[in-house]
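Sharing a structure with you now.
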Amino acid sequence: MDTTSTAHGTNDRVPGPPTRPAPAGPPIRFGSVDPGELVTTRLGVRITDWSAGRLVGTLPVAGNRDRYGRLDSAAHAVLAETLGSVAAALDLGPGGIVLGQELSCAHHEDVRDGTVTGVCVPVHRGDTAATYEISITDAGTRRLCTARLTCRLRRAPHSSVHRKA
């Protein structure tokens with residue numbers, strides 16, 4: 001997922017559920033694409049909380065099932081890639097571009113209803129690449145999927161923002 005960022009955070013690892021009410025959305029712009037055209041819109045991905053070093057989002061199971069009635073594993077991948085890319089864009093700062101480079105998803109359990117929650121935390125933040133771990137759980141906090149996303153970072157020309165984990 002390519003994103004253009006306008007904000008950044010720091011490297012704090014804070015696991016657990018969201019700590020504040022759902023905001024309207026993180027302060028980033030996704031280029032000139034109509035939001036209705038984004039796969040995240042079609043699947044119902046919502047960013048529900050973000051803070052320094054932590055990003056949380058949700059995805060409904062309804063409308064995203066496989067032929068057996070479970071949440072499709074591709075939906076887990078979309079949620080993970082979205083959270084990691086948005087976190088990287090927030091970390092990168094104004095004018096930078098994030099390019100998803102590698103996504104790995106380990107599927108542990110399945111879920112048939114409700115909403116799943118992804119919590120994204122940085123593993124490594126360098127000048128040209130960043131890696132994030134995304135844990136996806138059900139409402140009972142049962143871990144369904146563990147994902148890792150590595151992104152290539154293209155900083156804006158003359159950017160003074162350089163961050164290491």
Report task. Over all heavy atoms of both residues, which pair between Val119 and Leu83 is shortest? Give the atoms and the distance, please. Result -> N-CD1, 4.3 Å

**Report entry** Least distance between heavy atoms, Cys120 atom then Gly84 atom
**Finding:** SG-CA, 3.8 Å

Report task. Would you list the pairs meeting ring-ring contact (aromatic ring centres under 6.0 Å, His included) in which at least one residue belongs to residues 82-106, sequence neighbours left out? Result -> none

Query - Arg155 CZ to Asp127 CG distance, which is reported to the nearest 0.5 Å - result: 5.5 Å

Query - Audit row: Thr131, Thr150, side-chain hydrogen bond (donor to acceptor under 3.5 Å, both in side chains) steps and yes/no - result: CA-CA 4 Å; Thr131 301; Thr150 298; 3.0 Å; yes

Report summary line: d(Glu81 CD, Cys151 SG) to nearest 0.5 Å is 6.5 Å

Query raised in the report: What are the two closest non-hydrogen atoms of Leu79 and Thr58, and how far apart are they?
Result: CD1-O, 4.1 Å

Report summary line: Correct closest heavy-atom pair for Ile134 and Gly118 would be CG2-CA, 4.4 Å

Enumerate donor-acceptor pairs with a distance under 3.5 Å from any side-chain N or O in residues 69-76 to protein atoms, sequence neighbours excluded.
from: Arg70; atom 1: NE; to: Asp66; atom 2: OD2; distance (Å): 3.1
from: Arg70; atom 1: NH2; to: Asp66; atom 2: OD2; distance (Å): 2.9
from: Asp72; atom 1: OD1; to: Ala74; atom 2: N; distance (Å): 2.8
from: His76; atom 1: ND1; to: His107; atom 2: ND1; distance (Å): 3.4

Query - Pairs satisfying ring-ring contact (aromatic ring centres under 6.0 Å, His included), at least one member in residues 80-101, at least two apart - result: none

Report task. Identify the two heavy atoms, one from Leu153 and one from Ala88, that lie closest to each other, and give their separation to 0.1 Å. Result -> CD2-CB, 4.3 Å

Query raised in the report: Who passes side-chain hydrogen bond (donor to acceptor under 3.5 Å, both in side chains) against Glu109, sequence neighbours left out?
Result: Arg142

Report task. Go through the structure and list residues passing side-chain hydrogen bond (donor to acceptor under 3.5 Å, both in side chains) with Arg152, not counting sequence neighbours. Result -> Thr128

Query - Candidate pair Arg54 and Asp49, rule side chain to side chain contact (heavy atoms under 4.5 Å, CB included), full reasoning - result: CA-CA 8 Å; Arg54 183 174 181 268; Asp49 185 45; 3.0 Å; yes

Query - Distance, nearest 0.5 Å, that separates CG of Leu149 from CD of Gln101 - result: 9.0 Å

Query raised in the report: Under the 3.5 angstrom rule, does the side chain of Arg112 hit a backbone N or O of Arg65 as a donor-acceptor pair?
Result: no

Requested in this report: Grab the two heavy atoms, one from Val111 and one from Asp113, that are nearest each other, plus how far apart they are.
Outcome: CG2-O, 3.4 Å

Requested in this report: Nearest 0.5 Å please: distance from the CG atom of Leu92 over to the CD1 atom of Ile97.
Outcome: 9.0 Å

Report task. Report the residues that fulfil side-chain hydrogen bond (donor to acceptor under 3.5 Å, both in side chains) with Thr115, sequence neighbours left out, ordered by chain and then residue number. Result -> none

Query raised in the report: So, Arg143 side chain and His108 main chain: donor-acceptor pair closer than 3.5 Å or not?
Result: no

Query - side chain to side chain contact (heavy atoms under 4.5 Å, CB included) against Ser104, all qualifying residues, sequence neighbours excluded - result: none

Query raised in the report: In Å and rounded to the nearest 0.5 Å, what is the CD1 to OG1 distance from Ile136 to Thr117?
Result: 9.5 Å

Report summary line: Contacts of Thr141 meeting side-chain hydrogen bond (donor to acceptor under 3.5 Å, both in side chains) (sequence neighbours excluded), chain-then-number -> none

